[in-house]
Number of protein chains: 4
Amino acid sequence: MPVVARKALKPRTKPAEIRREDILRAATALFIAKGVGTTTIDEIATRAEVAKGTFYLYFASKEDVVAALRERFVTGFRDRIHRAIGACPADDWTARLKSFVQAGIAAYLDEYQLHDVVFHDHRPDQRRMKGDNPLLGDLSSLLASGTRAGAWSVDHPDLAAIVLFNGLHGTVDHAIEHGILDGGGLAENLSALFLRMLRPD
Amino acid sequence: MPVVARKALKPRTKPAEIRREDILRAATALFIAKGVGTTTIDEIATRAEVAKGTFYLYFASKEDVVAALRERFVTGFRDRIHRAIGACPADDWTARLKSFVQAGIAAYLDEYQLHDVVFHDHRPDQRRMKGDNPLLGDLSSLLASGTRAGAWSVDHPDLAAIVLFNGLHGTVDHAIEHGILDGGGLAENLSALFLRMLRPD
Amino acid sequence: MPVVARKALKPRTKPAEIRREDILRAATALFIAKGVGTTTIDEIATRAEVAKGTFYLYFASKEDVVAALRERFVTGFRDRIHRAIGACPADDWTARLKSFVQAGIAAYLDEYQLHDVVFHDHRPDQRRMKGDNPLLGDLSSLLASGTRAGAWSVDHPDLAAIVLFNGLHGTVDHAIEHGILDGGGLAENLSALFLRMLRPD
Amino acid sequence: MPVVARKALKPRTKPAEIRREDILRAATALFIAKGVGTTTIDEIATRAEVAKGTFYLYFASKEDVVAALRERFVTGFRDRIHRAIGACPADDWTARLKSFVQAGIAAYLDEYQLHDVVFHDHRPDQRRMKGDNPLLGDLSSLLASGTRAGAWSVDHPDLAAIVLFNGLHGTVDHAIEHGILDGGGLAENLSALFLRMLRPD
DNA sequence: TATGAATGAGCTTTCATTCAT
DNA sequence: TATGAATGAAAGCTCATTCAT
């Protein structure tokens with residue numbers, strides 16, 4: 001009777017981080033393909049090549065997975081925008097705003113499917129977390145700083161930030177719906193519109 | 001004890017429209033209170049004082065109810081705005097835009113709970129119906145007309161309409177989240193912001 | 001305001017026998033097309049252009065309809081065979097048996113769909129009614145009479161009747177399954193086989 | 001009280017084959033007792049001492065269970081007949097045929113309840129599978145071989161096989177209906193009848 | 001006699017979660 | 001850490017039947 005290995009072939013234990021990643025990746029693909037509600041834990045586990053029980057070793061529930069993906073989405077989105085803005089001269093406010101718009105549109109167009117998954121709340125208390133959107137603060141700061149620097153003029157930076165952010169969001173939604181994927185032209189027009197809003201009297 | 005009544009109390013058969021209304025009302029209350037997903041047909045039927053089978057006599061599924069409510073919500077919302085605009089002098093474009101904003105905010109604040117229920121799609125193809133939003137067309141027309149009349153200036157009325165509408169929407173969302181229910185002040189500031197955007201160069 | 005007729009157009013009341021027939025006809029078509037179990041009372045009523053409640057005025061249940069159809073099927077089947085036999089010379093036993101076979105096959109091929117409907121019992125006590133099959137008695141008598149007349153020889157007419165009847169039944173079933181619809185050839189071969197069984201030693 | 005056991009008593013996990021068997025056994029008993037249509041999955045699960053969900057781990061539906069039982073019934077039935085025939089001298093054709101009849105009757109009498117359950121199709125396309133009956137082929141071969149060996153004479157072995165098989169089937173049905181459970185005498189008479197049919201001219 | 005709105009018991013099926021191994 | 005068989009609550013939907021008109 002052979003005593004040796006046999007299990008060396010398929011290491012039953014992977015580093016936890018990898019496992020988690022496997023599951024997250026599998027879930028993302030399925031959520032995008034068939035929606036969160038329709039995807040079963042079973043399917044996620046199968047696709048991640050993991051037993052159903054193992055899933056629960058890493059996540060408490062399906063919603064927990066969605067939350068993790070949301071976290072990651074928001075961070076990634078924000079980083080991307082920050083990187084774009086960071087590439088602009090510190091005192092070129094118009095460029096910074098344009099970068100915000102351009103990077104925001106591009107990032108959204110790239111990942112709107114994940115966005116939909118991740119912001120498709122099922123709970124009635126959805127009205128709690130949106131306020132946490134850190135981009136609103138970023139944008140508000142940008143507007144306020146530009147105003148202070150005399151680049152433009154805004155009375156209520158918070159309000160303007162909300163309008164700009166939602167305007168951008170809605171514009172991309174509209175573009176996606178209508179199959180327009182030319183983010184460049186979109187960014188151009190949108191920036192122009194936003195800058196009109198910021199013109200001093 | 002009156003002998004006459006007896007049947008007046010519990011008419012087995014009600015006019016279809018009333019029955020439908022009963023069910024719709026019951027569903028609305030439950031959807032708002034505990035979410036669409038968590039509400040069962042059973043609960044709706046019980047609350048509407050109707051047998052489960054009767055529910056299916058009037059609606060094909062829970063989603064069918066949501067669709068009916070959505071229809072009604074959209075129509076009501078739009079009517080309210082139209083009524084407000086209609087009360088303004090036909091050539092006072094600024095007043096018309098302000099009315100749009102004010103009525104939109106008020107209507108949304110009044111009914112955002114129903115709004116949430118009704119736009120909480122479960123399907124992954126949510127990206128189909130939003131474009132049907134007739135208010136976008138209304139707003140775009142308003143902007144274009146005002147431009148033609150020389151009241152203000154817009155390069156891309158459709159784009160501007162999207163930004164305004166989503167800006168308004170997002171602003172109210174934000175207000176609700178933060179417990180601000182002073183629609184008046186909100187409308188004031190928002191209109192001012194929008195009008196800045198429309199100023200000719 | 002016209003007071004006249006209005007109802008003369010569509011006489012709400014049809015003679016009971018007609019109504020019953022309408023329902024029976026509708027049920028038959030549906031049962032054949034989609035099976036008894038799958039057909040709903042609603043469908044029968046709709047097809048018969050009658051209200052659901054009216055259905056219950058004429059039949060106590062779906063099974064009651066099936067029973068009525070069965071009754072009718074059996075009677076018709078038997079009549080057809082009797083007519084065929086009756087057309088033969090009273091003392092030509094071979095011809096009478098052949099007629100039985102031929103008419104039986106023809107009738108079955110013509111109406112096997114209804115046969116299937118009508119003998120597709122759902123109850124576990126199916127083992128009760130088959131014995132009522134009057135054709136077995138008819139056939140047994142025929143065999144006994146022929147034997148007494150010296151045309152052939154049978155030890156146990158009842159047993160032989162069962163074998164012949166079921167043999168015939170099974171043969172047609174087989175033919176139908178295999179798409180053979182030439183009843184003539186079938187009857188020829190089957191009669192020959194049966195007559196071999198009846199040959200005296 | 002033994003302390004060791006505890007888990008031996010109610011092993012949460014049983015070998016799949018045993019579980020399947022438990023369910024099949026429970027279903028059979030219920031189907032026989034109250035019919036397939038009337039038996040609910042719930043009842044089967046309860047009787048098999050299994051959760052309802054577990055049922056669906058092993059079978060896709062009630063019909064799936066019936067199909068499994070049918071499969072098993074047909075195989076068992078055929079095996080039994082083959083065993084009986086196999087016990088006869090290879091060249092004693094009469095004995096072989098008698099064995100077929102005798103074993104067929106005995107097997108059917110023993111298991112007609114299961115037979116009824118298993119062949120109580122609900123679908124309108126019942127006319128598809130019967131032809132698959134492998135016993136017809138077996139019987140046809142037997143008849144042809146006996147003919148070739150000069151033991152008897154048959155013109156159309158396939159047709160004769162159908163008649164014999166259905167004759168046998170119908171005879172037992174009749175016997176059951178009338179409470180005759182003496183398979184022996186039945187076999188005697190039936191074999192005699194069949195052999196008459198096979199006599200050379 | 002005829003209607004058809006209303007009933008509600010009852011069935012199948014799904015799936016998140018547990019837990020013995 | 002990993003497994004996956006087992007669980008069982010929960011929910012949607014159907015349809016035979018009733019009954020007030």
Side-chain angles (χ1 to χ4, degrees), chain A residues 7 10-16 19 37-46 49-64, chain B residues 6-7 10-16 19 37-46 49-63, chain C residues 7 10-16 19 37-46 49-64, chain D residues 6-7 10-16 19 37-46 49-63:
Chain A
K7 67 167 51 169
K10 245 216 164 180
R12 302 227 331 174
T13 300
K14 275 195 193 177
R19 270 277 135 94
T38 330
T39 300
T40 68
I41 305 283
D42 229 327
E43 289 170 318
I44 298 174
T46 301
E49 293 183 296
V50 145
K52 218 194 303 197
T54 306
F55 173 91
Y56 284 94
L57 247 30
Y58 291 87
F59 297 95
S61 68
K62 201 160 62 175
E63 268 315 305
D64 194 21
Chain B
R6 194 198 274 171
K7 69 174 49 169
K10 263 236 159 180
R12 200 180 137 97
T13 296
K14 275 193 194 179
R19 268 280 134 91
T38 331
T39 301
T40 70
I41 305 284
D42 240 323
E43 290 170 319
I44 298 174
T46 302
E49 291 183 297
V50 146
K52 214 194 305 198
T54 305
F55 172 90
Y56 285 97
L57 238 35
Y58 289 88
F59 297 95
S61 67
K62 203 160 59 177
E63 267 315 304
Chain C
K7 67 167 50 167
K10 246 216 164 181
R12 300 222 340 169
T13 299
K14 274 195 194 178
R19 268 279 136 94
T38 330
T39 300
T40 69
I41 305 283
D42 230 327
E43 289 169 319
I44 298 174
T46 302
E49 291 182 298
V50 146
K52 219 194 303 199
T54 306
F55 173 92
Y56 284 94
L57 247 30
Y58 291 88
F59 297 95
S61 68
K62 201 161 60 175
E63 268 316 304
D64 194 21
Chain D
R6 194 200 273 169
K7 69 174 50 170
K10 263 236 160 179
R12 200 180 138 97
T13 297
K14 275 193 194 179
R19 267 281 134 91
T38 331
T39 301
T40 69
I41 304 283
D42 238 323
E43 290 170 318
I44 298 175
T46 302
E49 291 184 298
V50 145
K52 214 193 306 199
T54 306
F55 173 90
Y56 284 96
L57 238 36
Y58 290 87
F59 297 95
S61 67
K62 203 159 61 176
E63 267 315 302

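Each chain gets a letter, A, B and so on, in the order its sequence line appears, and its residues count up from 1. Below, all heavy atoms of this structure are taken into account, side chains as well, without hydrogens, waters or symmetry copies.
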In whole angstroms, how far is the P atom of F:dC13 from the CZ atom of B:F59? 14 Å
With sugar-phosphate meaning primed atoms plus P, OP1 and OP2, does B:Y58 contact a base, only sugar-phosphate, or nothing at under 4.0 Å between heavy atoms? sugar-phosphate
Would you say that B:Y56 contacts B:I41 through its side chain, given a criterion of any heavy-atom pair below 4.5 Å between the two side chains? yes
E:dT12, OP1 or OP2 - any side-chain N/O from D:K62 closer than 4.0 Å? yes
Report which part of the nucleic acid A:L57 touches: base, sugar-phosphate, or nothing (heavy-atom distance under 4.0 Å, all strands). base
Any chance you could encode DNA chain E as dot-bracket? Rule is Watson-Crick or G-U wobble with both distances under 3.5 Å; [ ] for pairs crossing earlier ones, | for another strand. .||||||||||||||||||||
Work out which heavy atom in B:F55 is nearest to a heavy atom in B:V50; give both atom names and the distance. N-CG1, 3.9 Å
For nucleotides 8-10 of chain E, which of its nitrogen or oxygen atoms have a protein nitrogen or oxygen under 3.5 Å away, and what is each distance?
residue: E:dG8; atom: N7; partner: B:G53; partner atom: N; Å: 3.1
residue: E:dG10; atom: O6; partner: B:K52; partner atom: NZ; Å: 3.0

Which is more 5' along DNA chain E, the nucleotide nearest C:P15 or the one nearest D:A60? Just name the residue. C:P15
Using side chain to side chain donor-acceptor pair (under 3.5 Å) as the criterion, list what pairs up with A:D42, not counting sequence neighbours. A:K52
With respect to the phosphate group of E:dA6, does any side-chain polar atom (N or O) of B:R19 fall under 4.0 Å of OP1 or OP2? yes
I need the minimum non-hydrogen distance between B:T38 and B:E43, along with the two atoms involved. O-OE1, 3.7 Å
F:dT17 C1' sits how many Å from C:I44 CD1, rounded? 14 Å
Can you tell me how far P of F:dC13 sits from OH of B:Y56, to the nearest Å? 4 Å
Closest non-hydrogen contact found for A:T54 with A:R19 is CG2-CD, 4.5 Å
Can you tell me how far P of E:dT7 sits from CD of B:E49, to the nearest Å? 10 Å
Between CD1 of C:I41 and P of E:dA5 the distance, given in whole Å, is 17 Å
From CG of C:D64 over to P of F:dT17, roughly how many Å is that when rounded to an integer? 10 Å
Just to be sure I understand the rule, does A:F55 reach a base, reach only the sugar-phosphate, or reach nothing, if contact means heavy atoms closer than 4.0 Å? nothing
Mind calculating the distance between CD (A:E43) and C1' (E:dT14) to the nearest angstrom? 12 Å
